[in-house]
2 protein chains.
Amino acid sequence: MLSFTEENYLKAIYHISESGANDVSTNALAEEMKTKAASVTDMLKKLSQKDLVEYKKYKGVKISKLGEAVALQVIRKHRLWEVFLVERLQFNWDEVHDIAEQLEHIKSPLLIKKLDAYLEHPKYDPHGDPIPDENGQFGPISRTPLAELQTNSTGKFVAVKDSSSPFLQYLDKVGLYIGATILVLEIIEFDGSREIEVDGQNKIFVSQQVANNLLIH
Amino acid sequence: MLSFTEENYLKAIYHISESGANDVSTNALAEEMKTKAASVTDMLKKLSQKDLVEYKKYKGVKISKLGEAVALQVIRKHRLWEVFLVERLQFNWDEVHDIAEQLEHIKSPLLIKKLDAYLEHPKYDPHGDPIPDENGQFGPISRTPLAELQTNSTGKFVAVKDSSSPFLQYLDKVGLYIGATILVLEIIEFDGSREIEVDGQNKIFVSQQVANNLLIH
DNA sequence: AATATTTTTTAGGTTAATCTAAAAATGTAT
DNA sequence: ATACATTTTTAGATTAACCTAAAAAATATT
């Protein structure tokens, strides 16, 4: 049985590999886990021992097939719980992360099976992130940053790249929500900000940074 | 912030005091916690330090007001989650204990507030145990073992004393469920077993031991 | 290529929760 | 009340996860 900490390391390794890096460095992991490099080294030895990662001294880690399967199940649980919190308990989407961080470690395959059924097998969490199925498979994911849309083209807002509270609260404030149709009215050369139209209704300005963090399809 | 272990010790001390003993002995706690007396002594020193219990060497422990408040909140969480598991996720009442043991340690007052509202403020869990409110107060509890009912009197089955899986599965099998009206048809002198009628319908025999573990009102 | 910098690992310690074995206190029985 | 038995505590280890400081390896710079 894996500890919460071991599960969190695997999730962190998975997430870092996902966004680029082939081998995950000790320092990158230390930062992600908010701990020190020396502690990471200790843990990597343990995870390697258990065949959850492939680790070679000074060479970084790569998650193993087994480790990936574990990480995906934890991610599945995290995202299912987020759906539950938002859709059933009426949490706002910026409030659920920390609670899901706790709930994702509850050990009961039957619980997840029943929760999934209760939620009617959701495919995406409240931030638009895909929920792996029982076998760790994702549904289709096709999304690009709003920043890549040309002037006068439209897209459907399907996910956020940054799911920090401040960003989500900003989106609430300006009336941007997942599912909205976005039309790019104008791209300002100077700073890369954009004027966009949401659902054919209100027009708003968003910075380049915001445009990079809104994923559309 | 209390650890899971500290919360579990407080719950155990609360439960043991509840059912009798004024001072809880180190050995009783060791048994309840499935650990050794020496470990209990260590923990009692720590809990005492934090004013969660009153502990005097060789004299046993008593839970403090503060410790009791903590224990009651953990019990509240445990029982609310059990209601959720049975009423929403369709778990059987004999399957929920271990999962609730994990869920009870999730730290988020808002989560519990919302869960409670979502479940429509239940007053009892699936085993008939009362759920303390936000302030740790219980609703009215009046229940006696079926064993104390005279021949020809009736009672409403409101809770189980033993909530182990085997007992609950037995109750399922013979058709005894919380809310049922029970009429005592006959008490067999020889072994204390009884013939009872459930909801004015089927008649069954239950042993003395079963009669002691069915709580009626 | 030699030196400097950064990254990673090792060595040795800490804390929480556990353990075993031995010592101390308490309780029981003649 | 003394002796025996039980309970509880202390002493000293262990494991998981972390830490700091120093050493070693890898990488970058001149």
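Proteins come first, then strands; the chains are lettered A, B, ... in the order of their sequence lines, and each starts at number 1.
Across all strands shown, A:Y9 has heavy atoms under 4.0 Å from sugar-phosphate atoms exclusively, and none from any base. Nucleic acid contact for B:T26: sugar-phosphate only, since backbone atoms but no base atoms lie under 4.0 Å from a heavy atom of the residue.
Contact check for A:L47 versus A:E6: side-chain heavy atoms found under the 4.5 Å cut-off. Under the 4.5 Å side-chain criterion, counting only non-hydrogen atoms from C-beta, A:V210 is in contact with A:F167.
Nearer the 5' end of DNA chain D, as judged by each residue's closest nucleotide, is the contact made by A:T35, out of A:K59 and A:T35.
A:Y55 has a side-chain polar atom (N or O) that falls below the 4.0 Å cut-off from OP1 or OP2 of C:dT9. Using a 4.0 Å cut-off, some side-chain N or O of B:S39 falls inside it from OP1 or OP2 of C:dC19. Between B:T41 and D:dT9, a side-chain N or O to OP1/OP2 separation shorter than 4.0 Å is present. Note on B:K36: every side-chain N or O is 4.0 Å or more away from OP1 and OP2 of C:dA21. Put simply, A:N27 has no side-chain N or O that comes within less than 4.0 Å of OP1 or OP2 on C:dT6. Here B:K45 reaches the OP1 or OP2 of D:dT10: one of its side-chain N or O atoms lies under 4.0 Å away.
Side-chain atoms of A:R143 come within 3.5 Å of backbone atoms of A:G128 as a donor-acceptor pair (strictly under, hydrogens ignored).
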Which dot-bracket string fits DNA chain C when only Watson-Crick or G-U wobble pairs with both atom distances under 3.5 Å count, crossing pairs get [ ], and | stands for a partner on a different strand?
||||||||||||||||||||||||||||||
